[in-house]
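Take a look at the structure below.
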Amino acid sequence: MIAPPPSGPVPWPRDRAHAMLADMVRIRRMEEKCAEVYGAGRIRGFLHLYIGEEAVAAGAVRALAPEDNLVATYREHGHALLRGVPMNAIMAEMYGKVEGCSRGRGGSMHLFDASTRLIGGNAIVGGGLPLAVGLALAARMQEAGRVTACFFGEGAMAEGAFHESMNLAALWKLPVLFACENNGYAMGTALERSESQTDLCAKAASYSMPAMRVDGMDVVAVHEAATAAVARVRADGPMFIEFRTYRFRAHSMFDAELYRSKAEVEEWKARGPIHTFSARLKAQGLLTEEEFLAIDRAALAEVDAAVAFAEAGRLEPVADLARDVHTPGAAA
Amino acid sequence: MIAPPPSGPVPWPRDRAHAMLADMVRIRRMEEKCAEVYGAGRIRGFLHLYIGEEAVAAGAVRALAPEDNLVATYREHGHALLRGVPMNAIMAEMYGKVEGCSRGRGGSMHLFDASTRLIGGNAIVGGGLPLAVGLALAARMQEAGRVTACFFGEGAMAEGAFHESMNLAALWKLPVLFACENNGYAMGTALERSESQTDLCAKAASYSMPAMRVDGMDVVAVHEAATAAVARVRADGPMFIEFRTYRFRAHSMFDAELYRSKAEVEEWKARGPIHTFSARLKAQGLLTEEEFLAIDRAALAEVDAAVAFAEAGRLEPVADLARDVHTPGAAA
Amino acid sequence: MSRMSYREAMREALREALRADPRVFLMGEDVGRYGGTYAVSKGLLDEFGPERVRDTPLSELGFVGAGVGAAIGGMRPIVEVMTVNFSLLAMDQIVNSAALMRHMSGGQFSVPLVVRMATGAGRQLAAQHSHSLENWYAHVPGIRVLAPATVADARGMLAAALADPDPVIIFEHVQLYNLEGEAGDAPVDIARAALRRSGADVSLITHGGSLPKTLEAADALAADGIDAEVVDLRVLRPLDLETILASVRRTHRAVVIDEGWKTGSLAGEIVARIAEEALYDLDAAPLRVCSEEVPIPYAKHLEDAALPQVAAIVAAARRACGRS
Amino acid sequence: MSRMSYREAMREALREALRADPRVFLMGEDVGRYGGTYAVSKGLLDEFGPERVRDTPLSELGFVGAGVGAAIGGMRPIVEVMTVNFSLLAMDQIVNSAALMRHMSGGQFSVPLVVRMATGAGRQLAAQHSHSLENWYAHVPGIRVLAPATVADARGMLAAALADPDPVIIFEHVQLYNLEGEAGDAPVDIARAALRRSGADVSLITHGGSLPKTLEAADALAADGIDAEVVDLRVLRPLDLETILASVRRTHRAVVIDEGWKTGSLAGEIVARIAEEALYDLDAAPLRVCSEEVPIPYAKHLEDAALPQVAAIVAAARRACGRS
Ligand SMILES: Cc1ncc(C[n+]2csc(CCOP(=O)(O)OP(=O)(O)O)c2C)c(N)n1
Ligand SMILES: Cc1ncc(C[n+]2csc(CCOP(=O)(O)OP(=O)(O)O)c2C)c(N)n1
Ligand SMILES: [Mg+2]
Ligand SMILES: [Mg+2]
């Protein structure tokens with residue numbers, strides 16, 4: 001059932017390949033640490049790890065231009081990090097500190113960053129889709145040449161919001177990249193128990209929208225496809241892209257994983273995006289074990305620094321609780 | 001653009017053909033009278049006429065068995081009548097009288113009748129779709145062999161409710177007939193300005209649901225198709241059927257019809273379901289002008305009686321206003 | 001100042017906004033070719049074209065959410081949800097996106113969105129088309145809720161709403177569209193309630209479609225020797241408590257009129273505020289005149305019986321004044 | 001009587017309902033294989049199979065509406081909407097179908113539907129996952145709204161809700177699931193509020209997740225010589241005014257505690273009723289302890305500051321009693 005691990009030559013120069021690898025390793029190490037400090041009670045609320053899916057963010061987020069918008073879900077640590085939000089600000093956010101990218105107001109599910117045009121962090125499944133359509137509409141009306149990439153899970157596709165958003169974007173030919181991270185499950189619900197049509201690309205046809213399916217465990221395939229898709233969206237209008245991926249961890253920190261077998265998880269782990277990519281690079285002579293370890297060490301150091309930063313962060317004074325409910329300067 | 005008028009032989013015996021014709025004429029005459037008394041202020045609120053679309057209700061409603069459920073929209077006078085709700089009760093409802101099929105509580109948009117399993121009359125576009133799914137789920141769990149036919153306009157297909165309902169019905173293989181009355185407009189919005197994919201049957205594929213398209217101006221085509229579809233739904237699960245039709249009148253009584261040309265309306269009127277069907281019957285020798293006039297006179301007489309009945313009806317006492325908010329016998 | 005209908009006043013306000021700021025656009029079901037369900041936007045498509053007077057498919061959740069996105073993206077969208085009844089489908093985007101966005105992003109993303117919707121009953125449109133749910137929106141932090149009840153407010157509030165950097169919802173009562181009155185062309189304030197009539201004996205506090213009925217009741221009361229003050233809330237969130245309480249402190253009696261169902265009505269909130277802040281100023285228990293707690297029926301006599309009427313307002317005011 | 005957690009009590013109630021009546025089924029996101037987000041339905045799939053413990057796709061509008069249809073069709077569905085936050089997506093079907101159906105059909109179609117949802121904040125789930133919107137549902141005629149705040153009510157209310165021929169919504173506060181207590185196995189009434197503690201000096205009126213905090217406050221007040229009565233509303237619609245007013249008439253002072261935002265809160269409705277019906281029984285202005293009018297923030301200290309806390313309840317009660 002599960003496809004063979006990604007393999008074959010990587011068509012990138014050494015630097016580029018290392019950067020891509022480093023991206024994935026940074027997400028992985030950051031999230032492993034999040035899980036650890038969550039266990040210690042330093043992070044609370046819901047925490048949804050992206051571990052296993054790193055090739056998608058690495059390949060796709062890097063395909064965007066700085067002026068593009070990114071809308072994501074509650075499983076967005078990786079997207080935020082690669083979009084350029086400093087790991088310090090992400091970690092501080094999860095710690096609920098003012099130095100966090102949402103001033104500690106949002107937590108894990110609501111990472112925001114105006115400077116990199118990261119418009120959430122949305123905890124309503126499907127909630128980001130109409131938002132992305134509107135962002136793209138604004139871009140089109142302003143002739144800004146800006147693409148809006150909207151990430152969502154395959155579970156979101158059953159929501160009415162998906163349908164309405166796909167139709168609006170296609171009808172109005174808006175520059176939205178609909179990026180589905182199909183990890184096979186919505187919490188404990190497998191795709192075949194949530195969709196009557198499990199060929200997700202077939203759905204795009206019902207909006208006359210072009211679609212493509214990509215191996216989301218292969219950062220090379222993801223990046224090439226996403227780059228082509230972004231160019232097409234920028235020129236011609238919306239596109240749907242399905243990344244086949246898998247989450248290695250539980251849905252959130254409260255999940256007994258009753259709905260899938262250990263064997264299935266292990267099979268997918270064999271396709272893990274980091275080790276398969278590094279193996280390919282090594283086989284091609286583009287990476288040495290030393291280099292890999294250096295990348296990993298750098299990531300670990302960045303994570304340690306982020307934790308130290310977050311620990312040292314300030315708590316917003318309680319007196320400022322009502323700040324930012326309204327924009328300063330609004331009518332009294 | 002517009003297809004030629006329905007023509008060709010009618011494969012029905014004389015009686016059957018006359019009954020079908022009479023059905024359409026009854027709807028037409030009833031609604032003409034509604035418009036007239038609306039003008040006189042006897043009916044108020046919104047009134048959405050079905051005039052021009054009669055072949056759909058006549059062909060499709062008659063394809064249902066008595067135990068089947070019917071869910072319709074605010075443009076449901078025809079469905080109610082052919083489902084077997086007495087014209088008296090329909091007219092009394094529009095007059096707001098207790099003798100109305102919803103005790104005067106519902107009016108034109110909310111015709112209900114438990115005895116014929118007419119479950120509304122729904123004024124929220126798309127609102128009937130999830131309801132129909134649930135009715136079908138109940139039928140399946142009770143092994144009742146009951147089909148639920150759900151009528152809705154093409155405009156409703158852009159709503160999230162459509163998407164969610166199609167998916168649920170297909171995923172759970174429920175006996176729902178999704179009957180789209182595509183009259184080309186949602187109020188003033190033409191299909192091509194509301195749907196990126198104007199091939200409505202293509203949408204069914206994205207739920208793995210079988211679909212068919214039928215000339216909704218041809219009562220013969222409608223009835224044959226609907227009969228086959230109902231049988232298939234009863235045996236195998238949901239199906240989508242698109243009836244191509246047209247409303248000859250305004251959307252409601254408050255519509256300046258700025259959005260379409262008189263010429264377009266005239267072209268469609270040339271395909272009118274009543275005169276084309278009677279012409280075919282006459283050409284085949286299945287109908288004489290005398291017979292046609294007799295059918296029409298009978299309909300007019302029924303309408304006059306219904307108006308008299310409605311005029312003579314009682315108003316619910318104001319003291320009973322709160323009746324039926326809750327079911328008698330509920331906890332205090 | 002010029003005389004026009006409430007409908008024309010809204011249309012003038014839209015026209016002015018579209019002319020004044022290229023970032024402004026109007027979007028909603030049938031706002032363009034159809035001319036608007038209540039004919040508010042008639043003619044605007046011809047003047048501004050289909051990009052800026054944008055017909056949407058039937059997808060309230062989608063296009064309201066798109067309005068939020070467009071606002072964040074730098075535009076100044078005016079989204080028309082045909083009626084409050086259909087806004088239930090868009091509730092998630094209004095609450096979970098528009099209202100929360102600024103706060104949960106730590107102040108990074110404001111949402112300068114205006115949502116207009118028709119509200120209220122009285123036209124025999126029956127249960128699903130007769131809701132008055134202003135109170136629900138008035139409960140949500142992060143949004144401002146307006147209810148123009150006069151032609152001048154219909155004309156003036158939109159510009160002020162567009163100048164607000166945060167989401168604003170404007171409720172237009174369906175019974176007001178044909179109201180005639182004077183309209184200026186300066187923006188009006190969207191912070192304060194208004195005294196529509198001064199009086200010494202009892203404060204009648206209301207908003208939107210109930211204002212004309214309340215003014216009529218005040219006339220009837222005057223004939224009866226009761227001098228009623230009429231407060232038009234105008235702004236349903238944030239409430240202008242100062243004006244409300246000042247009136248009650250003058251008259252010592254309050255009747256709140258609201259077309260919503262009584263339990264959980266906005267009128268209840270007003271009564272609660274009065275009890276909390278002005279208890280010792282009251283000479284009588286505050287009263288509410290609201291809709292009966294039934295789905296609004298189609299039949300005219302039942303609909304009338306379900307909704308607040310002049311006679312009920314008069315009776316309540318008399319009761320508050322110890323006359324019955 | 002046996003001791004169990006609130007979560008187990010809900011599960012037992014579900015199990016019993018599924019056993020007792022073949023028309024009953026449970027439907028919602030992840031109620032089956034996952035075991036329920038809050039683990040309420042864990043184990044039920046194994047016992048009753050996937051037809052009767054039915055996982056749904058993410059489509060709140062669709063499956064809540066399907067629940068309405070199934071109820072009309074003769075079943076007794078229990079629909080779980082994971083949390084009240086997501087119920088905004090299903091609002092249209094709850095209001096415009098479930099609540100209105102019987103009345104607008106002239107009494108022909110009742111909707112014996114039970115909708116369960118988790119509600120409330122306190123777990124650092126941030127703005128979009130921390131709503132308390134019981135008040136909105138409690139505003140709608142045609143539905144009954146329940147808020148079990150004890151293990152006994154968690155155990156007993158479901159059977160009574162299923163026996164109701166009309167739609168019932170049950171709110172389960174997320175902070176209560178781990179609460180331990182005694183549960184009987186007889187159905188409890190779903191008509192009356194309950195005195196959880198008798199007292200002479202002040203009535204503390206609350207419901208759901210605020211009950212434990214209120215009881216704690218009452219203990220603290222007792223130590224301080226203030227004898228507080230605690231009323232648990234239990235039934236949010238229709239309100240049991242008799243019990244509420246009787247308590248206030250005894251104590252002459254009222255503090256209403258409600259996790260909703262203050263403006264337009266259910267607490268406001270209670271205060272309004274007290275002002276309308278028992279004004280001259282009051283020895284002090286009624287007070288509310290509600291959430292601050294901000295989206296609920298993630299950071300713990302801010303979340304705590306936004307929500308009603310024991311100290312605030314104590315302070316309000318002291319103020320009501322003229323001690324500060
Ligand atoms: C509207 C809504 N319904 C339910 C939830 C609870 N929930 C959070 S994540 C999730 C599963 C989503 O699955 P998918 O879209 O596949 O994304 P994934 O978590 O797999 O990345 C659910 C049901 C929610 N947050 N929002
Ligand atoms: C949710 C919702 N949005 C908007 C409306 C207002 N409205 C009533 S009918 C209608 C057009 C529906 O068109 P279609 O589904 O094609 O049905 P038709 O009227 O053509 O039969 C609209 C927009 C409504 N009743 N419900
Ligand atoms: Mg998934
Ligand atoms: Mg149509």
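Each chain gets a letter, A, B and so on, in the order the sequences are listed, and its residues count up from 1. Just so it is clear, the values below take in all heavy atoms, side chains as well, and ignore hydrogens, waters and symmetry mates.
- In this structure, chain D has heavy atoms under 4.5 Å from both the backbone and the side chain of A:Met187.
- Proximity to chain D involves both the backbone and the side chain of A:Ile43, based on heavy atoms less than 4.5 angstrom apart.
- In this structure, no portion of D:Leu88 lies under 4.5 Å from any heavy atom of chain A.
- Here D:Ala312 pairs with D:Val289 under the side chain to side chain contact (heavy atoms under 4.5 Å, CB included) rule; sequence neighbours left out.
- Between D:Leu302 and A:Pro317, the closest heavy-atom pair is CD2-O, 4.2 Å.
- Closest of all the heavy-atom pairs between A:Gly96 and D:Ala299 is O-CB, 3.5 Å.
- Counting heavy-atom pairs closer than 4.5 Å to chain D, the top residue among A:Ile124, A:Val325, A:Leu321 is A:Leu321.
- When all heavy atoms of A:Phe46 and D:Leu125 are compared, the pair lying nearest together is N-CD2, 3.5 Å.
- The two residues A:Gly155 and D:Leu58 make their nearest non-hydrogen contact at O-CD1, 3.4 Å.
- Heavy atoms of A:Ala156 lying under 4.5 Å from chain D belong exclusively to its backbone.
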Between chain D and chain A, which N and O donor-acceptor pairs fall under 3.5 Å? A table would be great.
unit_1: D:Asp30; atom_1: OD1; unit_2: A:Gly188; atom_2: N; d: 3.0
unit_1: D:Asp30; atom_1: OD1; unit_2: A:Thr189; atom_2: N; d: 3.4
unit_1: D:Asp30; atom_1: OD1; unit_2: A:Thr189; atom_2: OG1; d: 2.8
unit_1: D:Tyr34; atom_1: OH; unit_2: A:Phe254; atom_2: O; d: 2.8
unit_1: D:Asp55; atom_1: OD2; unit_2: A:Arg193; atom_2: NH1; d: 3.3
unit_1: D:Leu58; atom_1: O; unit_2: A:Glu159; atom_2: N; d: 3.2
unit_1: D:Gln128; atom_1: OE1; unit_2: A:Ala123; atom_2: N; d: 2.7
unit_1: D:Gln128; atom_1: OE1; unit_2: A:Ile124; atom_2: N; d: 3.4
unit_1: D:Gln128; atom_1: NE2; unit_2: A:Asn122; atom_2: OD1; d: 3.4
unit_1: D:Tyr298; atom_1: N; unit_2: A:Arg105; atom_2: O; d: 3.0
unit_1: D:Tyr298; atom_1: OH; unit_2: A:Arg44; atom_2: N; d: 3.1
unit_1: D:Tyr298; atom_1: OH; unit_2: A:Arg44; atom_2: O; d: 3.3
unit_1: D:Tyr298; atom_1: OH; unit_2: A:Met94; atom_2: O; d: 2.5
unit_1: D:Ala299; atom_1: N; unit_2: A:Gly104; atom_2: O; d: 3.1
unit_1: D:His301; atom_1: NE2; unit_2: A:Glu316; atom_2: O; d: 2.7

